[in-house]
Structure formats: C-alpha cells, structure tokens
Amino acid sequence: MAIKVYALSTCPYCRMTRRYLDENGVEYDVTEVDLLEGEEKEAAVAEVKRISGGASFPVVIIGDEVIVGFNKARIKELLSL
Amino acid sequence: MSEAGGRPVRRMFGPGTTIADLKAYMGPFAERLGYKFNTDEAFVNDVLEAELEILEQTGDVFCPCRVRSGDPKEDVAVICPCIPFWRDQFAGLRKCWCGLFILNEVEDGLELLGVIEEPQGPVEVPVCRVTDLPSGQIRHVKVGKRDIAIAHVGDDFYALSNLCRHAFGPLGEGFMDGHHVMCPWHGWRYDVRDGTTDHPNADVKTYEVRVRDGDIFVVV
C-alpha cells in the first residue's frame, strides 16, 4: 500500500510520525512542504488543503484514508502494526 | 530592521536567543489569554528548539506546525504565541496547533498531543483574566471573526456583540452605566444582560459567559 506523508521540517508532530513509521520499518514517500519553493510549494500547500481541508501537519495518506496530525493508534490500526 | 512586502519589519528576538528567553516572554502573555505551557517539559523544549531554528532562518518565531505564506500580513497569525488569532479553534482543541500551549485547566498536556481535528459545536473560549476587567468596565475581545464586548457589573460578567447597530461603533470602548453600555460614537444604549436597546430592531447578540479559576470564557 502506498503511503504518503506531507510534513514540515520543523514540526514536532511530523518528526514523531516519521520516527514511528521508521521504527516500524514502514516505507513512505515524504514531502517536506516548507523546504519547497515557489510554484512547487504553492502546489503542495494547495494539495494539503484539498486533501485535509486545512493547513495542519502532518498529513498521512494510507490508501483512501487521510490522517491529520500524529495519530499513532490510527496508523497502527491501518497498517496492522 | 528590514523591508518585507513594503512594510518595515521589527524583530523582537536577535541572535543568541535561548529557550529560557522564549519561556520568559511567552509564559506571562499566554497566561493572560487563559493558557499555560504544556505540562510535558521535554515536548515544550522540542517545540521551542524548533522555533529557535526558525528564528535563525527567518528572523521571527513562527509556529513550527504551520506553513507560512510569505505574505507578512497573513503570516502574523502564525508568530508564536498565536493564540489571539485562533481563539475559537484552540478552545475547541484545548491547545494551540502544536500543543506548546494548553488551556490552564488541562492537567495532562500529553494526552492532547497529536489531536488536530477541530471539534464541532459550541466551545468555551477563554478571553481574558477576571483581574484584567474590574467591575464597572467593558472591553473588546476578538474571538475568531467575532468582535465581542465583555462587561463586568457587580459580581457578574456579560458578553455581547461589540458592534453598535447604529453606525458600528465599538461598544467595548463605550461607557458603562449600571447594566447599560453607552456607545462611544453616538450614545446608543444597550442592556449588557440581553443586548436590548430602545431603538427598534437594533438589539445586539449576546453570548453566555462562564468564569472559572480566574479566567473568563465566552461560549460561541
């Protein structure tokens, strides 16, 4: 299952989420939105707003599910960790 | 001082700022708004460490959990502590975006970490301290997009729309006379208990007020 994470390089929740995925050997694609520039950044922000309805980070996409924030229980459930 | 977007930008913190400096400046301010630092000190230090990195990169202590637009007028709402700009959302979450600050009454700040979904329905929003509003006075507070006037009469507190229905004068800057506030612009009078006025079809909305542990909350 493809897993996508939108994160900010500075955000503690994003670090906690990534650490949790890493510790469990989960492979995922991550975009650090604040490190992008110009049109690329605008596009990523627009995508996050479209998917999550807001501008809170991280946004974790697992299959059809969108998780906003570090929700360990939900990630664990979806990935059967 | 530098120029950004045509406006002069003044910085509060310079090189060499420490976590202790941030705590000393932010703590007392957040307290006036009904908030305190998260009870988990290691988490607080993590967030402030991230803010110091952002300070070094950008010149100000922007929220580590929010993305900046680059427009100074918009980004002013994500300079830490950003509580006044998001009062209603944070009251629902019981914390700020990061969880750096939690409502005064929350005992275990760690329980709230990770929760970002905003609850639906009415929320109690802390607006100021009882000690900031002596009896016989009224003041304006901003709650999300709402402008609300909080009045203190005797032992009771009242909340009503800040905008006079006549010409939109600021009732929070008006003159108190018993249970009435007189608009500072043209003298229209409103009863702070129910928002009524003698002028036809010009009553203003009122809100429920709760007081707990020295904090004043408005229910919106």
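Numbers restart at 1 for each chain; the letters A, B, ... are given by sequence-line order, proteins then strands.
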query = Between Ala55(A) and Arg66(B), what is the shortest heavy-atom contact and its length?
reply = O-NH1, 3.2 Å
task = Can you establish whether the number of heavy atoms outside Asp29(A) located under 6.0 Å from its atom CG is more than 12?
result = yes
query = Between atom SG of Cys11(A) and atom CG of Asp46(B), what is the distance when rounded to the nearest 0.5 Å?
reply = 11.0 Å
message = Using a 6.0 Å cut-off, check whether atom CG of Asp71(B) has over 12 heavy atoms from anything other than its own residue.
response = yes
ask   = Just wondering, more than 12 heavy atoms not from Lys72(A) lying within 6.0 Å of its NZ?
value = no
message = Tell me whether Arg212(B) at atom CZ has more than 12 heavy atoms from other residues, nucleotides or ligands lying less than 6.0 Å away.
response = yes
query = Is the count of non-hydrogen atoms from other residues, nucleotides or ligands lying under 6.0 Å from Gln137(B) atom CD greater than 12?
reply = yes
request  = Can you establish whether the number of heavy atoms outside Lys23(B) located under 6.0 Å from its atom NZ is more than 12?
outcome  = yes
query = Tell me, side chain or backbone of Phe43(B) under 4.5 Å from chain A's heavy atoms, or both, or neither?
reply = side chain
query = Any idea which of Gly99(B), Ala50(B), Gly70(B), Cys65(B) has the most non-hydrogen atom pairs under 4.5 angstrom with chain A?
reply = Cys65(B)
ask   = Roughly how far, to the nearest 0.5 Å, is the OG1 atom of Thr58(B) from the CG atom of Asp34(A)?
value = 11.0 Å
ask   = What distance do Thr10(A) atom OG1 and Arg68(B) atom CZ have between them, rounded to the nearest 0.5 Å?
value = 6.5 Å
task = Check whether Lys41(A) gets within reach of chain B through its side chain, its backbone, both or neither, counting any heavy atom under 4.5 Å.
result = side chain
key: From CH2 (Trp97(B)) to OH (Tyr13(A)), nearest 0.5 Å   = 11.0 Å
Full working for side-chain contact (heavy atoms from CB on, under 4.5 Å) between Glu53(B) and Ser9(A) = CA-CA 11 Å; Glu53(B) 284 170 32; Ser9(A) 66; over 6 Å; no
ask   = How long is the span from the SG atom in Cys98(B) to the CZ atom in Phe57(A), to the nearest 0.5 Å?
value = 12.0 Å
